[in-house]
Protein chains: 2
Amino acid sequence: MATTDSTTRNLRRRNRSAVLRELLRNGETTRGQLAGALSLSPATVTNVIADLMAEGLAHETGSLPSDGGRPTTTLSIRPEGAFFIGADVGEQGVTVEVLDLALMQRSKVFRDVSSRSVGPTELSEALYAAIDEAVLAAGSPANIYGVGLGMPGIVESSTELDEARTITIYAQSLNWPPTRLDAIYGRADIPIFADNGAKTLATAEAWFGAAKDVTDGVVALLGRGIGLGIISDGRLLQGTASSAGEWGHTKVTLGGPLCNCGSRGCLEAYVGGGGIARRWREAGADPSANEELALTELLAAVSRGDAVATRVLDESVEILGLGLSNLVNLMNPERIVLGGWAGLQLASTHLAEIADATRGFSLKRPAAQFDLVPSKIGRDGIALGAALLAVEKLVETPLVKILAASE
Amino acid sequence: MATTDSTTRNLRRRNRSAVLRELLRNGETTRGQLAGALSLSPATVTNVIADLMAEGLAHETGSLPSDGGRPTTTLSIRPEGAFFIGADVGEQGVTVEVLDLALMQRSKVFRDVSSRSVGPTELSEALYAAIDEAVLAAGSPANIYGVGLGMPGIVESSTELDEARTITIYAQSLNWPPTRLDAIYGRADIPIFADNGAKTLATAEAWFGAAKDVTDGVVALLGRGIGLGIISDGRLLQGTASSAGEWGHTKVTLGGPLCNCGSRGCLEAYVGGGGIARRWREAGADPSANEELALTELLAAVSRGDAVATRVLDESVEILGLGLSNLVNLMNPERIVLGGWAGLQLASTHLAEIADATRGFSLKRPAAQFDLVPSKIGRDGIALGAALLAVEKLVETPLVKILAASE
DNA sequence: CGAGTTACGGTAAGTCGTAAATTAACCCTT
DNA sequence: AAGGGTTAATTTACGACTTACCGTAACTCG
């Protein structure tokens with residue numbers, strides 16, 4: 001089946017990856033801590049750290065006070081050791097961020113793509129412009145190690161026999177034809193990565209956010225549409241063509257309203273931000289055309305005691321709970337993270353109700369084993385997670401071959 | 001987070017595991033093939049094979065004809081190198097199999113547990129008796145390396161802080177209270193393992209059956225109830241308390257008939273073997289009390305053109321397709337395997353219809369990427385997969401510490 | 001029967017990780 | 001202010017593994 005990877009060569013690379021990943025996730029630490037956390041010997045950590053310092057990715061930042069004894073020197077990522085670009089291709093436009101290796105935001109640019117039916121060409125132009133602007137604002141660093149895109153829809157990654165990795169985007173919600181990633185953005189000097197936005201959000205939450213240290217969890221992205229990233233055994237599920245996690249068009253009922261995917265009874269048609277607004281409108285209300293605002297208005301009406309709004313919300317909570325319960329039974333997660341603008345709004349006012357509904361539909365054992373929390377990273381999560389695609393590449397592959405300088 | 005495992009010590013163990021696993025899965029091979037398949041050097045393979053031969057797990061069985069040159073010696077598992085017991089705790093009774101290391105069945109015993117509401121104590125007695133009988137029939141081998149149980153319901157495996165692994169069974173369908181595994185079967189000399197039966201079936205299908213070489217797939221077990229094993233990235237999903245895969249009580253519709261889990265709209269209530277029979281009965285028919293026979297009768301009636309039966313079946317196909325489509329969207333499998341007595345019956349007559357229904361409810365891309373096939377292993381799969389739990393343990397941990405005989 | 005061919009096993013070299021010993025850096029006491 | 005105590009980090013020594021290379025075994029073909 002798979003290859004073994006158990007060669008002495010790969011040992012060093014794997015240890016480098018483990019140490020670097022730990023450094024990125026935990027900020028400042030010490031050699032001793034690393035050795036303990038990764039159950040490596042101090043000597044190995046010293047060696048790997050030396051490599052990383054030679055690569056310019058880490059440095060010693062200071063020392064901890066000691067009461068007798070050599071003080072522990074603290075280690076950190078060298079922020080300017082590498083830069084990454086993350087882009088969130090969203091409903092209203094493109095958000096581009098430049099991050100340094102410490103994963104701090106160096107610049108951020110939003111570019112409106114006004115028309116709802118923006119095509120690949122327009123997006124491509126906006127993306128090039130936004131990236132140029134963001135890079136400039138970040139001080140035009142030379143060592144940009146990759147660009148990551150968080151896209152709506154299915155992002156298929158197929159590795160052909162000739163090893164050329166092709167990424168194709170099937171953005172149904174944008175009415176795009178299948179589009180190759182390199183048609184949107186491609187530069188010879190910088191590798192480009194892409195994944196579905198919900199999955200990049202899940203990656204970000206798993207690195208720093210509400211899903212940190214969670215080995216089995218799901219991150220739901222409720223915006224106009226619905227997305228999902230599933231973390232199982234510490235890894236993001238990909239599936240055979242990396243389209244795993246398409247939760248929005250799973251069915252919560254036989255029949256039901258027509259969804260724009262062409263099917264009926266899709267979860268997204270009920271409890272996506274768009275679906276909630278539509279259902280409130282059909283119940284006789286007249287909310288803002290802006291769906292995010294509409295949800296705010298709905299929640300305000302509910303808190304005023306408005307009966308119609310309450311019914312629409314209760315129904316939403318019930319259906320969302322049903323959808324989540326299916327995930328609870330199937331995945332047995334320890335945590336469910338609710339993100340996206342709709343998810344955050346709902347979580348801020350009705351988190352407990354959603355959790356109760358979910359538990360009500362779930363089997364008892366798994367129902368008792370998860371908790372439901374709001375996203376911790378917020379709206380920059382999609383772009384941040386997209387940038388992490390490039391970071392993970394750097395973590396896995398040492399770019400600089402270290403030479404023994406002495407002798 | 002996790003430890004790294006990247007020590008030189010573990011290298012040998014990992015290579016041993018890889019080679020042994022490959023041997024088990026592929027039957028007879030040669031050193032060269034192993035080296036190629038696992039991308040290990042010939043020397044490494046030679047060393048590992050020498051270890052395995054010293055452990056009594058492998059041996060040279062012959063040689064291939066060569067057209068000039070030293071003939072390739074063929075290697076095989078030594079069947080009597082180890083024995084394993086697998087048990088299928090099913091609806092009507094307990095099936096116990098004894099397997100040798102070549103994973104050939106050496107004996108098989110079925111023990112009726114007539115009453116439907118059999119408790120842990122009765123089951124335990126039946127299990128002890130059946131195992132004793134099966135071991136005797138297999139020639140009472142001394143080197144039995146483990147007993148695996150495929151159980152209905154949730155099998156929770158929790159590793160406590162003191163490393164004592166506790167397995168608890170929540171068999172709702174048997175109306176059991178939470179039961180600790182060691183209360184059912186426990187012998188000091190033989191380790192005991194357990195998992196949900198659908199998951200052990202999935203393991204068996206992944207090793208030899210319809211899911212061999214499938215890295216992302218789902219194996220559905222349709223019997224009286226419904227179970228599922230999800231294979232993702234080559235691994236069986238477990239979840240935080242190893243109850244992942246509980247598909248039977250995911251909801252296919254809001255409301256719907258009451259399920260014996262206490263909830264409404266569960267998939268199992270519609271298209272479990274029991275659910276289908278019940279729905280046919282409610283439509284006015286009078287099938288056998290034996291649900292397996294009832295399904296056969298239903299399918300016969302459909303082939304005769306019986307309108308009521310056809311409606312019940314069409315509905316079943318539709319709902320099963322809907323349930324499967326949710327898995328297709330979520331997991332993006334390359335293959336769906338249909339097993340269990342109900343699954344096999346349905347597959348034998350209506351496989352294409354089920355596939356069509358599933359594709360109809362799924363998103364277009366993932367719909368085009370899976371195929372639907374019947375289980376290849378058949379009814380012994382649950383017990384076989386259960387035995388594999390013990391086999392995997394042997395694969396992972398070399399029991400014999402090899403000593404350098406010379407010097 | 002000998003030459004050619006192929007597979008396997010052994011040997012030497014290089015690499016990596018661990019453990020132990022050593023050095024480095026600092027505090028505290030006298 | 002000097003020396004002992006203490007802890008962190010590095011160096012050294014060693015063992016284990018993989019790899020590359022070479023020799024040998026075993027068989028076929030001419």
Side-chain angles (χ1 to χ4, degrees), chain A residues 3-19 28-54 58-75 398 401-407, chain B residues 3-19 28-54 58-75 398 401-407:
Chain A
T3 51
T4 315
D5 251 19
S6 289
T7 71
T8 41
R9 290 215 204 314
N10 292 346
L11 267 188
R12 185 56 161 271
R13 170 163 32 197
R14 288 168 45 150
N15 286 339
R16 192 201 85 117
S17 297
V19 170
E28 204 174 58
T29 108
T30 70
R31 283 174 242 255
Q33 276 181 31
L34 288 170
L38 304 171
S39 59
L40 293 171
S41 73
T44 302
V45 174
T46 294
N47 287 333
V48 172
I49 290 290
D51 287 358
L52 291 176
M53 292 198 293
H59 58 181
E60 300 182 338
T61 45
S63 51
L64 296 173
S66 81
D67 40 9
R70 177 173 175 171
T72 309
T73 58
T74 53
L75 302 167
K401 180 69 191 169
I402 314 296
L403 299 175
S406 56
E407 226 171 300
Chain B
T3 52
T4 314
D5 249 21
S6 290
T7 72
T8 40
R9 288 211 206 314
N10 293 345
L11 263 189
R12 183 56 161 272
R13 170 162 30 196
R14 289 168 43 151
N15 287 340
R16 193 200 85 116
S17 298
V19 170
E28 207 174 54
T29 69
T30 70
R31 283 173 242 257
Q33 275 180 33
L34 288 170
L38 303 171
S39 58
L40 291 173
S41 73
T44 303
V45 174
T46 294
N47 287 333
V48 171
I49 289 291
D51 287 0
L52 291 175
M53 291 197 296
H59 60 181
E60 300 181 338
T61 44
S63 50
L64 294 174
S66 78
D67 38 10
R70 178 174 175 173
T72 308
T73 57
T74 53
L75 302 167
K401 180 68 191 170
I402 314 297
L403 298 174
S406 56
E407 227 167 301

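Labels below follow one simple rule: chain letters A, B, ... track the order of the sequence lines, proteins then strands, and each chain is numbered from 1.
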Exercise for review: For the side chain of A:Leu11, starting at C-beta, report the closest nucleotide among D:dT18, C:dG10, C:dG17.
Suggested key: C:dG17

Review point. To the nearest Å, how far apart are A:Ile49 CD1 and C:dG17 C1'?
Key: 16 Å

Point to revise | A:Glu60 CD - D:dA8 P separation (whole Å) | key: 15 Å

Review point. Base, sugar-phosphate, or nothing for A:Thr72, non-hydrogen atoms under 4.0 angstrom?
Key: sugar-phosphate

Check your understanding: Could you give the CG-to-P distance, from A:Leu34 to C:dT18, as a whole number of Å?
Key -> 14 Å

Review point. Side chains of A:Thr73 and A:Arg31: closer than 4.5 Å at any heavy-atom pair?
Key: yes

Exercise for review: Calculate the interatomic distance between A:Leu38 atom CG and C:dG17 atom P; express it in whole Å.
Suggested key: 12 Å

**Study point:** Nearest-nucleotide comparison on DNA chain C, the residue closer to the 5′ end among B:Arg31 and A:Thr44
**Key:** B:Arg31

Point to revise | Side chain of A:Pro71 (C-beta onward), nearest among C:dC26, C:dC16, D:dT18 | key: C:dC26

Review point. Does B:Asn47 make a side-chain N or O approach to OP1 or OP2 of D:dT18 shorter than 4.0 Å?
Key: no

Check your understanding: To the nearest 0.5 Å, how far apart are CG in A:Leu75 and CD in A:Glu60?
Key -> 6.0 Å

Revision key, fill the gap. B:Ser41 has its side chain closest, among C:dT18, D:dT19, C:dG17, to D:dT19

Review point. Could you give the distance from OG1 (B:Thr29) to CD1 (B:Ile49), rounded to the nearest 0.5 Å?
Key: 6.5 Å

Revision key, fill the gap. From CZ of B:Arg14 across to P of D:dT18 the rounded distance in Å is 11 Å

Practice item. Scan A:Thr73 against the nucleic acid and name what it touches under 4.0 Å (heavy atoms): base, sugar-phosphate only, or nothing. Key: sugar-phosphate

Check your understanding: Under 4.0 Å between a side-chain N/O of B:Arg12 and OP1 or OP2 of D:dA16, yes or no?
Key -> no

Practice item. Provide, to the nearest angstrom, the distance between the CZ atom belonging to A:Arg13 and the C1' atom belonging to C:dT15. Key: 14 Å

Review point. Is there a side-chain polar atom (N or O) of A:Thr46 under 4.0 Å from OP1 or OP2 of D:dA9?
Key: no

Review point. How many Å lie between CD on B:Gln33 and C1' on C:dC8, as a whole number?
Key: 15 Å

Point to revise | Step-by-step side chain to side chain contact (heavy atoms under 4.5 Å, CB included) determination, B:Val19 to B:Leu40 | key: CA-CA 10 Å; B:Val19 170; B:Leu40 291 173; 4.2 Å; yes

Practice item. May I ask you to check whether B:Thr74 and B:Thr61 show a side-chain donor-acceptor distance below 3.5 Å? Key: yes

